[in-house]
Amino acid sequence: MGRGHPGDQIRLAMFALIDGNNFYVSCERVFNPRLMGRPVVVLSNNDGCAVARSEEAKALGIKMGVPWFQVQSLARKHGVIALSSNYTLYADMSNRMMSLLGQFAPQEIYSIDECFLYFDGFQMDLTVYGQTIRQRIKHWLGLPVCIGIGPTKTLAKLANHIAKKQPYWKGVCNLGTLPETALNNLLAGIEVGEVWGIGRRLREKLHHLNIRTALALKCADTDLIGRMFSITAKRTVTELRGMPALRLDEVAPARQQILCSRSFGMPVTLYSELQEAVTSYITRAAEKLRCQSLLAHAVHVYIHTNPHRKRDAQYRQGITVTLTEPSCDTIKLTRAGLWGLARIYRTGYRYNKAGIMLMELVPADALRQTALFAHGTTMADKARTLMTTLDLVNRRMGKDTLALAGAGTVKNWHMKRNHKSPCYTTEWKELAEAHC
DNA sequence: TCTGGGGTCCTAGGACCC
DNA sequence: TCTGGGGTCCTAGGACCC
């Protein structure tokens, strides 16, 4: 590809942000064409909130994150199809999309449905290139995406927003070739809250300063913004002006924590059920930990009642338990977690959620200090072999083929998933079939 | 009756030290 | 009336993202 040379006078590098349209809904539609043209929503765990909506569902006024029960009657009236989230399917589709996109330019995967590409010294019309990328994803995977291009990540994000909202751009908005006045006119029409990094709180405060559009923020005094808010906000202003303050991170930085938490399908009062939940969550998190070749030095456990039920007595508590030495052994981590749970558990409450965090993560291969009274290598070796075997069996024979007995088998507390679609691409038993 | 889950970064403030 | 100052480290909580 036509890369620039170090001696080049001007290197106009551009960022692109590729974002799946209504990603979860689109994934479902790939395997179930009957969902096309109809209002569809994908629900969060426990069928709690709407986390993805088709254009038709958005048109009905169903907002992002709205509790499902609040819009259920409206949905029924208009024949909205609700699906429980099927993360296994979405993750698999995401992997396919990301590996395709990675063939076009250096890539940073930003989320399950978004990535940045970096065009440095590309001697071509990037708008045309963008259309090529877009069509490739559509043809090969059946997923619709929009593409935003700009000289900084923040502008690429904004361009993507514009590409999604304004049909004029045909899915690819390239701010890189726009004259300054045209760019400013465009920015003047965008609410400041749409800018990447400006959330609800910041938006409110900016409004008080009479900064209401992306253009107004671009023209704001950077030092003032830095002093009043944070260095992050200051960076956003710099980026809006076309000066990169954020680079492309091709290698994902090592995780700093691994979290697993779930709301329960029903209120939980029994200590034994909380123990089961905590054991299950630690099992899941420890799998992820080993998958990334990391060890955890601490386990944080928390439980709480349902804050939305004002009439109920409320309780929330968490505790961090430090291990004598970093570990990825499910059994050791579980023992620490349950020890913590015993410290924070109180009877007489209706708990609706428990969660665990593996913290202080270190690479498994890094030289580490061995605890003074740690077991000899034979014990550690045995544990390692056991865990490797556990992962292998579960990968081959299916999730939870082998699990700690403490995780329970009945799992009354398990979350609700009443509308789940099959795992079309990752389970032999659920392979896609013709639906029409 | 029913309100998600998994992350990161930044800041303020306290503890502690010299 | 007087009651330093500055640096570092840690933690909790806020804000943001998808």
Side-chain angles (χ1 to χ4, degrees), chain A residues 17-24 41-52 62-73 75 82 84-87 90-91 94 108-116 153-154 157 160-161 192-206 226-236 245-246 249 252-267 281 284-285 288-289 292 298 300 302 304-312 316-320 322 350 352-361 415-419:
Chain A
L17 181 83
I18 295 90
D19 189 336
N21 301 352
N22 322 322
F23 189 70
Y24 298 166
V41 301
V42 172
L43 304 176
S44 64
N45 277 335
N46 261 319
D47 297 340
C49 304
V51 290
I62 298 174
K63 301 267 182 254
M64 176 68 179
V66 71
W68 183 234
F69 73 91
Q70 282 177 9
V71 289
Q72 209 159 20
S73 62
S84 301
S85 40
N86 183 347
Y87 287 106
Y90 312 148
S94 171
E108 172 186 334
I109 296 171
Y110 179 67
S111 77
I112 191 160
D113 71 329
E114 276 176 70
C115 78
F116 288 100
K153 282 181 161 182
T154 304
K157 270 283 229 184
N160 187 279
H161 171 77
V192 69
E194 303 292 350
V195 176
W196 190 35
I198 308 299
R200 230 185 46 240
R201 289 303 169 91
L202 218 46
R203 173 179 173 272
E204 241 172 74
K205 290 177 186 166
L206 289 170
R227 256 181 290 126
M228 285 195 68
F229 305 112
S230 69
I231 190 165
T232 328
K234 186 174 169 178
R235 241 177 247 145
T236 299
L246 303 165
D249 284 320
R255 287 260 158 278
Q256 295 182 29
Q257 50 186 230
I258 293 173
L259 226 131
C260 186
S261 71
R262 295 278 181 282
S263 300
F264 303 132
M266 51 165 52
Y281 302 164
R284 190 70 64 234
K288 283 193 212 168
L289 190 70
Q292 297 175 40
H300 183 84
Y302 65 88
H304 63 73
T305 51
N306 189 344
H308 300 289
R309 287 182 61 101
K310 303 288 181 212
R311 285 165 306 162
D312 281 11
R316 62 162 54 228
Q317 193 54 262
I319 187 173
T320 304
T322 304
R350 291 155 57 86
N352 88 315
K353 185 170 181 174
I356 69 98
M357 265 167 76
L358 301 183
M359 310 190 329
E360 294 175 45
L361 307 186
M415 64 183 180
K416 284 183 291 197
R417 276 167 112 189
N418 294 330
H419 315 279

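For the numbers below, each heavy atom of this structure counts, side chains included, while hydrogens, waters and symmetry mates do not. The sequence lines fix the lettering, A, B, ..., with proteins before strands; numbering per chain opens at 1. Worth saying up front: this structure is predicted, and the values here are computed from it rather than measured.
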Looking at B:dC18, which nucleotide sits across from it as a Watson-Crick or G-U wobble partner, both distances under 3.5 angstrom, or is there none?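 With both distances under 3.5 Å, B:dC18 matches C:dG5.
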Residue [X], side-chain atoms from C-beta onward, closest of [options]:
X        : options                : answer
A:Tyr110 : B:dC10, C:dC18, B:dG5  : C:dC18
A:Ser44  : B:dG5, B:dG4, C:dC18   : B:dG4
A:Lys288 : B:dG5, B:dG7, B:dG4    : B:dG7
A:Asn45  : B:dG6, B:dG4, C:dA15   : B:dG4
A:Tyr87  : B:dT1, B:dG4, B:dG5    : B:dG4
A:Cys49  : B:dG5, B:dG4, C:dC18   : B:dG4
A:Arg255 : B:dT8, C:dC18, B:dC10  : B:dT8
A:Arg235 : C:dC18, C:dC16, B:dC10 : B:dC10
A:Arg309 : B:dG4, B:dT11, B:dC2   : B:dC2
A:Asp113 : B:dG4, C:dC16, C:dC18  : C:dC18

For [X] and [N], what is the distance between atoms [atom1] and [atom2] respectively, to the nearest whole Å?
X        : N      : atom1 : atom2 : answer
A:Tyr24  : C:dC18 : OH    : C1'   : 7 Å
A:Gln292 : B:dG7  : CD    : P     : 8 Å
A:Arg417 : B:dC2  : CZ    : C1'   : 18 Å
A:Gln256 : B:dC9  : CD    : C1'   : 9 Å
A:Met64  : B:dT3  : CE    : P     : 17 Å
A:Phe264 : B:dT3  : CZ    : P     : 13 Å
A:His308 : B:dC2  : NE2   : P     : 10 Å
A:Met266 : B:dT3  : CE    : P     : 13 Å

Under 4.0 Å between any heavy atoms, over every strand shown, what does [X] touch: base, sugar-phosphate, or nothing? Just pick one.
X        : result
A:Lys234 : nothing
A:Trp68  : nothing
A:Leu43  : nothing
A:Asn306 : sugar-phosphate
A:Ile198 : sugar-phosphate
A:Gln257 : base
A:Val195 : sugar-phosphate

If we only count heavy atoms from C-beta on, is the [X] to [Y] side-chain gap below 4.5 Å?
X        : Y        : result
A:Lys288 : A:Arg255 : no
A:His304 : A:Asn352 : yes
A:Asp312 : A:Asn306 : no
A:Asn160 : A:Asp19  : yes

Of A:Gly226 and A:Leu259, whose nearest nucleotide on DNA chain B comes first from the 5' end?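 Counting from the 5' end, the first nearest nucleotide belongs to A:Leu259.
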Quick one: on DNA chain B, does A:Arg311 or A:Pro253 contact a more 5' nucleotide (nearest heavy atom)?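 Its nearest nucleotide lies further toward 5', so the answer is A:Arg311.
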Would you please confirm or rule out a distance under 4.0 Å between OP1 or OP2 of [N] and any side-chain N or O of [X]?
X        : N      : value
A:Asn46  : B:dT3  : no
A:Thr232 : C:dC16 : no
A:Lys205 : C:dG14 : no
A:Lys353 : B:dG5  : yes
A:Ser230 : C:dA15 : no

Find out whether the Lys NZ or Arg CZ of A:Lys205 is both under 6.0 angstrom from the six-membered ring centre of A:Phe229 and within 45° of the ring's axis. no
Angle class for the A:Tyr87/A:Tyr90 ring planes (parallel below 30°, perpendicular above 60°, tilted otherwise)?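 Judged by the thresholds at 30° and 60°, the geometry between A:Tyr87 and A:Tyr90 is perpendicular.
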Distance in Å, A:Tyr110 OH paired with A:Ile18 CD1, rounded so as to fall on 0.5 Å steps: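 Interatomic distance, A:Tyr110 OH to A:Ile18 CD1, rounded to 0.5 Å: 14.0 Å.
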Just verifying a value: how many Å separate A:Met359 CE and A:Thr320 OG1, rounded to the nearest 0.5 Å?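 One gets 4.0 Å once the value is rounded to the nearest 0.5 Å.
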Nearest-Å distance once atom C1' is located in both B:dC16 and C:dG4: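 That atom pair is separated by 16 Å.
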